[in-house]
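For clarity, every value in this text was computed on a predicted model and none was experimentally measured.
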Amino acid sequence: KKKNFFNDTATTEIYTLSLHDALPISKPYGTRSGNGMHVHFSLLNEKGENVFDDGTAEGSPILKNAVAGLLRGMAETTLLFAPHYNSYRRLRPDTHAPTSISWGYENRTAAIRIPGGNPKARRIEHRVAGADSNPYLVLTAILGAALVGIRNGWKPTAPQTGRAYSAKKQRKIPAEWGQAVDAFENGPIAAEIFAPVLRQMLVACKRQEIAGFAEQVTDYEFSAYLEIGFPFEERALRRAEQRDQSGNARGLNAQRRLTPRSDHQRPTHDTATHRHRREDRNRRFADGRIAARLSLGRVDIELPDRGRDA
């Protein structure tokens, strides 16, 4: 039975089938491509004619004026296309999401794409917004920037050919949440499109969200930094074992090998014992309630008393 995907009932049914598929999040899986909300649009005159169509594959001058406005206003309006912390996980190279402020014909690595096909269907595809964005604000930002470009008769830069990810001369889309907030707050094109009250309230809201995320310390940070000594110890042990086996040892191991000893006196590395010790340390860090206090570059760690069995 077919249902409209914008219907609340249909969305509820999809949600019951898969929790993650219905979540409005741009990057639910770190190693996969994210969820975008690409916008296609064209402009019609009072006669119903597409003003982006001039019968050519390149499109009309009005189309190029609109593209120029979108490019100039892209950094200022990125906050509306990527409004949350997770949004910027999606805007990474080679993930089918744009990273540079660029445009091109049939170029899906650019932020603005001009699709080919019938000239009567000439249109602009805006590829920056993610699935977690507000469609009303997104459409306002896109149409507003395009209108500013048309009114001022701006000309765009040369269209991007090839991979836009490797274009060094192109300006970059803000890659961090805070950068996008600052650009939206200070941008002249954003000020021309949106009312001052809306901009002030949105900026204040987003900075409050940023402050909340800054207070959260993830499990990945604990595993990456608190156990930084264990991988070093393990690498040192492996290097020592490899030297003993290859006969190229130096320092203390070399001295031990060159000193005549009986077999029972020769030092050996009990790899099983070291492995069990590492596993025990990892288990204590995983099972223990780790309380870390980060202040002035100092980390105080409190581990529970596990008794003699620890």
Side-chain angles (χ1 to χ4, degrees), residues 25-42 52-54 56-119 121-133 138-139 141-143 145-146 148-149 154-180 182-184 187 189-190:
I25 190 171
S26 286
K27 194 77 168 181
Y29 307 104
T31 58
R32 302 182 185 180
S33 298
N35 298 323
M37 192 182 76
H38 300 176
V39 176
H40 293 246
F41 74 98
S42 58
F52 287 169
D53 172 31
D54 64 351
T56 67
E58 294 185 355
S60 67
I62 296 180
L63 179 144
K64 296 179 181 179
N65 297 151
V67 169
L70 294 172
L71 295 177
R72 291 198 187 188
M74 186 168 294
E76 303 175 20
T77 53
T78 296
L79 179 62
L80 307 177
F81 309 138
H84 303 119
Y85 176 81
N86 179 266
S87 307
Y88 297 86
R89 299 183 184 275
R90 170 179 165 265
L91 301 176
R92 293 290 181 267
D94 299 310
T95 59
H96 303 289
T99 59
S100 63
I101 301 177
S102 57
W103 75 291
Y105 293 95
E106 282 294 359
N107 191 337
R108 285 181 168 83
T109 65
I112 303 295
R113 167 177 168 261
I114 309 301
N118 192 333
R122 189 67 62 230
R123 63 192 184 276
I124 295 175
E125 179 190 10
H126 197 285
R127 301 172 53 82
V128 183
D132 57 347
S133 58
V138 168
L139 292 176
I142 292 176
L143 297 179
V148 172
W154 290 339
K155 304 295 182 182
T157 57
Q160 177 70 37
T161 58
R163 292 178 74 256
Y165 298 121
S166 58
K168 298 181 179 180
K169 296 183 179 180
Q170 301 286 4
R171 293 187 300 134
K172 298 298 182 181
I173 297 173
E176 296 181 357
W177 203 5
Q179 295 177 357
D182 293 338
F184 180 75
I189 296 178

Here the gap from Thr78 atom OG1 to Tyr88 atom OH, rounded to the nearest 0.5 Å, amounts to 6.5 Å
Going through the distances and angles, do Leu79 and Trp177 end up as a side-chain contact (heavy atoms from CB on, under 4.5 Å)? CA-CA 7 Å; Leu79 179 62; Trp177 203 5; 3.9 Å; yes
Selection residues 63-72 - residue pairs positive for salt bridge (charged side-chain N to carboxylate O under 4.0 Å, His left out), sequence neighbours left out: Glu58-Lys64
Do you know which two heavy atoms are closest between Gly59 and Asp54, and how far apart they sit? O-OD2, 3.2 Å
Pairs meeting criterion salt bridge (charged side-chain N to carboxylate O under 4.0 Å, His left out) with involvement of residues 86-96, two or more places apart: Asp94-Arg163
By side-chain contact (heavy atoms from CB on, under 4.5 Å), Leu143 pairs with (sequence neighbours left out) Phe41
Distance-only, no hydrogens or angles: does the Asn65 side chain make a donor-acceptor pair with backbone N or O of Gly149 under 3.5 Å? no
Pairing residues for Thr109 by the side chain to side chain donor-acceptor pair (under 3.5 Å) criterion, not counting sequence neighbours: Asn107
For Lys27, is there any backbone N or O sitting under 3.5 Å from a side-chain donor or acceptor partner on Asn86? yes
Measure the spacing between OG of Ser42 and CG of Leu63 and express it to the nearest 0.5 Å. 9.5 Å
Note: Ala66 and Ile124 closest approach over all heavy atoms is CB-CD1, 4.0 Å
Tell me every residue that passes salt bridge (charged side-chain N to carboxylate O under 4.0 Å, His left out) with Arg127, counting only those two or more places apart in sequence or in another chain. Glu125
With sequence neighbours left out, what residues match Ser100 under side chain to side chain donor-acceptor pair (under 3.5 Å)? Ser102
Drop me the distance from Thr77's OG1 to Leu70's CG, to the nearest 0.5 angstrom. 8.0 Å
Can you list everything that forms a salt bridge (charged side-chain N to carboxylate O under 4.0 Å, His left out) with Glu176? Sequence neighbours excluded, please. none
Pairwise distance CD1(Ile62) to CZ(Phe52) - rounded to 0.5 angstrom: 8.0 Å
Only counting residues at least two apart or in another chain, list the ones meeting side chain to side chain donor-acceptor pair (under 3.5 Å) with Thr31. none
Test Arg113 against every option in His38, His126, His40 by the side-chain contact (heavy atoms from CB on, under 4.5 Å) rule and name the one that passes. His40
Solution key, residues 167-174 side-chain donor-acceptor pairs under 3.5 Å, sequence neighbours excluded:
from, atom 1, to, atom 2, distance (Å)
Gln170, NE2, Gln160, OE1, 3.2
Arg171, NH2, Leu71, O, 3.2

Less than 4.5 Å apart, side chain to side chain, heavy atoms only: is that true for Ile114 and Glu106? no
Is a side-chain N or O of Glu76 found less than 3.5 angstrom from the main chain of Ile189, in a donor-acceptor match? yes
On a heavy-atom basis, the closest approach of Thr99 and Pro93 is CG2-N, 3.6 Å
Set of side chain to side chain donor-acceptor pair (under 3.5 Å) partners for Ser133, sequence neighbours left out: none
Side chains of Asp132 and Ser87: donor-acceptor distance under 3.5 Å anywhere? yes
Asp53 side chain reached by Pro119 side chain, heavy atoms, under 4.5 Å: yes
Heavy-atom closest contact (Ala68 atom, Pro156 atom, distance): CB-N, 3.5 Å
Residues in salt bridge (charged side-chain N to carboxylate O under 4.0 Å, His left out) contact with Asp182, at least two apart in sequence or another chain: Arg207
Under the ring-ring contact (aromatic ring centres under 6.0 Å, His included) rule, collect the residues that match up with Tyr105, sequence neighbours excluded. Trp103
